[in-house]
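Taking it in order: structure first as structure tokens, then the write-up.
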Amino acid sequence: MLAITAVTTFLPFSSEKHAAGRLTTAFHALLAIAALLAAGMAQAEDGYDLWLRYRPLPDTQAALYRSHATQLVLPVATPTQQATRDELLRGLGGLLGQAPSVGSAVERDGAIVVGTPASSPVVARLKLDARALGHDGYLIRQTMVDGRSVTAIVGQSDVAAMYGAFHLLRLLQTARPIDHLDVREATRMSLRVLDHWDDLDGHVERGYAGNSIWDWQKLPDWLDPRYTDYARANASIGINGAVLNNVNANAAILTPLYLDKVQALAKVFRPYGIRVYLSVKFSAPIEIGGLKTADPLEPAVQRWWRAKADEIYARIPDFGGFLVKANSEGQPGPQDYGRTHADGANMLADALAPHGGIVMWRAFVYSQTNADDRAKQAYAEFKPLDGAFRTNVLLQVKNGPIDFQPREPFNPLFGAMPKTPLMMEFQVTKEYLGFATHLVYLGPLFEEVLRADTYGKGKGSTVAKVIDGELDGHKLTGIAGVANIGTDRDWTGSDFNQANWYAYGRLAWNPQLSSRDIAEEWVRATFSNDDGFVKRVVDMMMLSREAVVDYMTPLGLHHLMGKGHHYGPAPWDASGPRADWTPVYYHRADHEGIGFDRSSTGSNAVAQYAPPVADEFNDLKKIPDAYLLWFHHEPWSYRMRSGRALWDELVVHYTQGVDDVKQMRATWQALDGQIDADRYRKAAVFLGIQEKEAQWWRDASIAYFQSLNGLPLPAGYAPPQHTLSYYESLSFPFVPGHRP
Ligand code: GCV
């Protein structure tokens with residue numbers, strides 16, 4: 001079985017496009033052997049193949065599809081066209097047990113015709129108009145060519161046609177009907193980017209899936225086949241950009257030594273429509289340029305960046321641009337020279353503009369010397385700069401005003417800067433949601449934020465419409481996800497974490513999609529098309545986000561984790577170096593009550609939202625329970641909608657979180673035997689870890705808050721398993737993803 005995995009995983013054509021034609025015959029033979037060996041056997045799986053497993057479909061299903069996949073008619077002149085052909089051969093061969101023949105003319109009923117009007121004479125004759133679908137959009141239509149029935153996949157660009165091919169494969173993998181297809185797909189998001197917080201020494205900041213997949217030491221010579229498989233996976237969900245290095249950037253990435261390596265990666269990704277971007281350090285002109293200053297208004301600094309941009313584009317003509325973390329958490333920036341964020345962003349934008357590059361400037365900015373509520377600081381900094389940025393700058397804004405917590409209200413910058421393209425930043429890696437082992441499907445979190453109504457231009461001004469440009473007429477639009485990818489064999493530290501990469505990509509393509517539908521697609525492609533299995537696993541995934549909120553930070557609590565490494569609960573922590581990194585700053589609990597008063601009687605953070613939203617968050621009668629303690633400080637006896645006192649309600653939620661994990665575990669246990677043993681067992685063991693850690697979060701939190709309020713637990717609720725001092729004594733010096 002291992003041999004089969006190796007065949008499907010490391011097919012040489014995935015990195016050697018030019019040799020693809022010669023290898024097709026060998027490929028067919030290998031597929032036939034693989035299909036024979038696989039028939040009737042449960043195949044060992046290690047998660048490497050992600051949602052692109054292409055395992056044989058049941059015979060009846062495969063037979064139905066075979067009649068619609070008799071032949072591939074497509075051009076193979078460019079690397080993207082070859083990659084599209086290779087993926088279809090791989091996918092159809094794996095799923096149907098036989099790969100179609102490849103040709104340039106339709107020779108039989110059931111051919112699949114792929115291409116653009118410019119690249120394929122057959123497509124040109126079809127006169128199917130995909131122009132309204134944009135550069136990346138495609139259509140899939142059943143139609144006739146010379147009296148033969150065909151499935152046509154048509155886009156305006158090679159990459160669009162490739163996206164269409166992946167769409168067709170997805171339909172097959174998820175056992176959807178493919179006769180009478182009439183699909184039209186377009187995306188409104190021009191930049192759909194993964195941000196890697198990967199350091200040059202292989203460490204991944206907040207990475208829980210091993211080391212960085214970029215093997216900088218062996219680049220540019222050794223091109224790990226993983227790079228191609230990474231690109232395939234991203235292209236399959238429409239991701240079209242990768243920021244290769246950490247926003248806490250090392251200036252060395254801009255030296256020729258590293259630019260050669262970046263160039264090599266860009267070459268691997270290019271056929272898949274993926275551009276590379278780099279995080280840059282604002283002080284690079286000093287660190288690697290020999291200048292005395294990095295002042296953005298200094299002509300020598302401007303010249304340095306222009307020359308650097310020229311140097312990069314000489315190597316990588318389709319280089320995407322820069323991502324910048326400036327004047328944030330110790331990073332240098334324009335404010336070091338008394339300049340604004342706009343001054344800094346515009347200087348870089350001017351250097352990139354002649355080449356068509358863009359700047360993603362991060363709004364994740366707060367300062368320990370600012371006495372105001374941390375949640376208000378980014379808005380205060382950036383809102384006055386609306387309209388001050390060049391047209392090739394996007395402001396990259398985290399989904400919430402603090403930092404990727406299990407639940408935050410949407411960031412008030414969304415809807416508040418109509419003249420500036422705002423780019424969403426989600427975190428796909430689970431820095432605050434249980435690292436690799438907790439099963440937390442992030443689709444509902446992403447969906448909740450995207451559907452939140454900012455009221456920026458009246459009712460219906462959702463965050464999705466802000467970032468996709470609809471609300472304010474922006475053409476340059478984008479979304480970024482902090483990647484959860486590493487060298488672990490399963491890429492993401494657990495099979496279920498793959499769903500978060502997948503969901504991020506699908507929502508990046510179309511922010512209106514439903515997270516439940518995406519979960520179903522993913523489960524079908526990743527595990528099984530058995531309807532009963534799919535329903536139970538999707539239900540479990542949909543429950544998982546609320547579960548983590550409940551066992552970690554219920555009712556609007558936030559930022560209660562251990563300092564620095566962020567592993568486990570530490571609500572008691574009031575230690576240095578700065579108040580806004582301590583849990584006590586955020587929960588403000590004492591003998592009387594709990595919560596951060598951000599209402600009009602407190603920090604007045606509510607005033608940063610449009611009036612209908614501000615009013616809802618400000619008013620105790622209107623605020624949803626989920627945000628109560630984010631915006632209000634209330635006595636422990638505060639009467640909740642449920643009729644319970646706030647303290648009792650907190651305990652109920654903490655306990656519910658643990659119970660939900662127990663239920664998820666039981667669901668998974670009942671599915672034993674329905675998928676391959678290895679992936680089943682890993683998820684089962686991880687759910688066990690999650691249950692232990694959920695209990696730990698509940699108990700430590702309850703023990704601490706009870707030490708302040710001295711109140712009894714509601715009847716029937718178990719006391720913490722250990723004393724508060726036990727929880728406080730735990731120490732974790734070697735947590736992944738963090739350098740002590
Ligand atoms: C890359 C949080 C994380 C940091 C991260 C930072 C950011 O503070 O803990 O690891 O740094 O956000 O997004 O810049």
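Remember, it's 1-based here, ligands and their atoms both numbered in the order they're listed.
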Taking only distance into account, with no hydrogens and no angle test, what donor-acceptor pairs under 3.5 Å do side-chain atoms of residues 727-735 form with protein atoms, sequence neighbours excluded?
from : atom 1 : to   : atom 2 : distance (Å)
Y727 : OH     : H722 : N      : 3.2
S729 : OG     : Y726 : O      : 2.6

Are K398 and E408 within salt-bridge range, i.e. N to O under 4.0 Å?
no
Residues in the immediate environment of ligand 1 (any heavy atom closer than 4.0 angstrom):
W197, E205, R206, N246, V247, N248, K325, E329, R362, F364, K398, D403, E431, Y432, H566
Sequence neighbours left out, what passes side-chain contact (heavy atoms from CB on, under 4.5 Å) with D580? Give chain and number order.
Y366, Q368, R374, R578, Y585, Y586
Tell me, please, which residues at least two apart from S544 pass side-chain contact (heavy atoms from CB on, under 4.5 Å).
L439, Y441, M664
Going by ring pair (Phe, Tyr, Trp, His ring centres under 6.0 Å), H566 matches just one of W581, Y432, F435. Which one?
Y432
Ring pair (Phe, Tyr, Trp, His ring centres under 6.0 Å) test vs H341 passes for just one of F364, F382, F282, namely F382
